Amino acid sequence: MPARQWDPASKAKVVLEGLQGKPETAICKRHRIKPTQYRRWREQFLANIARSFKAGERASKRPVSFFSSLVKGKDENPEALRVARELIEVLPVPVFFKARDGRHLGANKAWEAYFGVERGSFIGKTVQELFPDAPQAAARHQAVDDELWRNPGTKSYELKVPVGDGSLRYTLNYKATFAGEDGKTAGLIGTIVDITERKRSEQSRDIEQRVMRLLAESDALATAMPGILAAFCESLDLACGARWSKDAREAGFRCEESWSVDDPNVAAFLTASRASTYRPGNEGFIRRVLGTGQPAWIVDVAGDASFLRGEQAAKAGLRSAFAFPIRLGGQVLGAMEYYSRETRLPDEWLLAAGMRIGTQIGQFMARKQAEGELRASEARFRSLTALSSDWYWEQDEQFRLTFLSDRFGERTGIDPAPYMGGKRWDRPALNLTEADWERHREQLGRHEPFFDFEMERAGPDGKSVWLSLTGEPVFDEQGRFRGYRGVGSDITERKRAQGVLRVAYEELTRSNAELQQFAYVASHDLQEPLRMIGSYTQLLEKRYGASLDQDAREFMEFIVEGATRMKQLIEDLLAYSRVGTRGKELRAVQARAALERSLANLRAAIEASGAAVTYGPLPEVFADDTQLVQLLQNLIANAIKFRKKDEALRIQVNAEDLEKEWRFCVADNGIGIEPQYFERIFMVFQRLHTRDEYPGTGIGLAICKKVIDRHSGRIWVESTPGQGSKFHFTLPKIQEEKS
Amino acid sequence: MTTEPERGAPPVEILLVEDNLGDARLTREALKEGKVYNTLHWVKDGVEALDFLHKRGKHKDAPKPDIILLDLNLPKKDGREVLQEIKSDERLKRIPVVILTTSKAEEDVLKTYSLHANCYVTKPVDLEQFIKVVQSIDNFWLAVVTLPNGK
């Protein structure tokens, strides 16, 4: 685009836009000019105005009277004066002029508007009289004037002054002297350009840059914060500032860091702030900011009921306060508060800058927290790898080993060097065939995780080492496969133990089977010689008894009796061994039906003993029905056998629901059992009575116990000798189908 | 072996399949003690038992037995197999078979094979019991042979 040609009138129009208050950047953008260019035009423009005054003065040869006539409207050089007066009047920039004695001669309308002073009241006044509330500003003006009186010419300088609405504005002041008829300096003309916006954006940039630099250089917010607080206070001429943190867990908040000017009263205010703890629920300055996430401004803390520290603040000479939140997205993490010693009106610009800085700090906090979490996570990982007996490994996308933690070598004794950079299947594993490797490669090719992949590698000293690897695929942020990583452990010892265990288990299974077979065969084959002994002894007695004496017949009786008893023992032993080997699969069985079958089997004994057997509701259980019948039959037969001679026998069978299992009870009012035998009665061939008192081999309860063991239940007895016994046993409940 | 006819009925033709000499003798003695009028044919293994039943070889003149007493533990071919063949042969399956077992346990096992023996007898140690068993065989046979007359 060809550069535009600017004529003086167009330049003046552009400059006037700025003098009317349009921001410099907007003007530069709109007209496509550089800020330096714009500023040069502005200075030329203002200098031209000053020159036009001088020109008028020269034309009239009576400069003082020219200006006085300009002010008073006297008609000395009618055309020049009219032009100059009108020009000055319509200028949107404040213009004033004063005499050599420092007293003001006049000003234009823009000046009146800017300072909110009616110009008639200001003629003849000195600068000190004009700014009674801003002695420092007045002194600065005076100093420049004095300099100009000494060295006539032009001067420009910046100064912060109070204006009509009470706010402080940054002004760029241009002053130029003019000479009287005698050639001596007769006075000066001045213009004022309001540069508040620019100053503020400069300040804002300055503070934000300082904050960013401090945050960048700090590891923790606590170390950055004094500098951040100071940056605000120094740039904005504030007395003190503090940061408040919100404690999400305790739902309270407290003052963390503060900065103040060197003033014991201000420091005392901050100390008091920090010493207190604050709970949510009441109104308050910081509470409001934390609650709303919005900035707040208090013009006078002493006169504001919502400011709870008003008394202390007033004591410290603090007047205005503002605060803004530290935010991360919609979350309020804390707040920053600042105090000034003079009254300041709410300043939207300042609060906007504060909000931006609050966001910066919030992001910093979030970043530091994330870093802290990352560090903690790394520390945990380091501890894990340091303390674990496992090792960590990584593979690239070609499945080449790229990393192996030291633990590998320490644990296995294998030199890792030959494995590095190689694929897992480059070196042999004693337990894996080529087909196994192929399956593993296919799994890796599908980028699936794998668990407990076992390899038997050649270890040092010719011994093999068993390794178990677990791995997961790694993908980058774009979802591209990047390899595998995982852990490995040395399972040599476990494998060895498993081997020993397996051998022992096989041995045990074999020996158990042998034992069962032995018991069966032995008891079976023992029957035959017994039969020979018993039967032929009887045959002998039958045929030849008459020719034998009484002793011989008795002896033969003993032989027969012994053989008969031994046969019973063998039968019982066989029955006992058959509980384990000949059992049926467990299934749903009605306990009531099982009980009734056992009662039917025992009908003769029940009738003979006159026993009264009663039973409550009985459930369906998970059992081998034949064995359940046998179990109940043995318990009831015992109750009948061990009844009291002088009391009617009562037998009660019950079942109780114990949530996970059923507890059965067979209770009688028989002779009972002494507590020291509670365990012994369940052992094979253990008897508490002689055969003369109570017949039997002592196998019944042992069979009961074996049946219950097979059903994963428990059996035990409660008894009081002379009062009766209660045999309890538990059976598993039927597993209900989840539909 | 034949004892004196006492009841005007022909003797019971008994086939005893038993390898044990002592048991075989005991059966014979029990029959004698029980006064069972019988003809006892004794074979020592399963193969011979089937030869007898099918009238093969040296048993080509063997009579069809009225009752078979079958031991389970036999050489060559055991009692289970013999029973199976008898029960699957149309001509033999009506002959009553009494299985002689050594123990109750054996009987339970056999029942699980669902072979239909007519009766199980556990060989008792007590001779008197055995005599009773043998006598019951006699009663059983009498009932069988008197049936046609009762028609």
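Chain naming here is simple, since letters A, B, ... match the order of the sequence lines and numbering starts at 1 in each. Being a predicted model, the structure only gives us computed values, none of them experimental.
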Chemist: If I take atom CG from residue A/Leu539 and atom CZ from residue B/Arg25, how far apart are they, to the nearest 0.5 angstrom?
Modeler: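 Here the interatomic distance stands at 7.5 Å.
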Chemist: So with a 6.0 Å cut-off around NZ of B/Lys132, is the heavy-atom count from everything else above 12?
Modeler: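 No, the 6.0 Å shell around NZ holds no more than 12 heavy atoms from other groups.
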Chemist: Tell me if the CD atom of A/Glu679 is crowded by more than 12 foreign heavy atoms within 6.0 Å.
Modeler: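 Atom CD in A/Glu679 is not packed in, count stays at 12 or less.
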Chemist: Is B/Lys44 atom NZ crowded by more than 12 heavy atoms from other residues, nucleotides or ligands, each under 6.0 Å away?
Modeler: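 12 or below, so no.
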Chemist: Please look at B/Asn20 and chain A and tell me whether the side chain, the backbone, both or neither of the residue comes under 4.5 angstrom of a heavy atom of that chain.
Modeler: side chain
Chemist: Using 0.5 Å steps for rounding, measure from the NZ atom of B/Lys32 to the CZ atom of A/Arg543.
Modeler: 4.5 Å
Chemist: Sequence neighbours excluded, which residues qualify as ring-ring contact (aromatic ring centres under 6.0 Å, His included) partners of A/Phe642?
Modeler: A/His689, A/Tyr694
Chemist: Would you compute the distance between atom CZ of A/Arg531 and atom CG of B/Leu26 and round it to the nearest 0.5 angstrom?
Modeler: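 So the CZ of A/Arg531 and the CG of B/Leu26 are separated by 8.0 Å.
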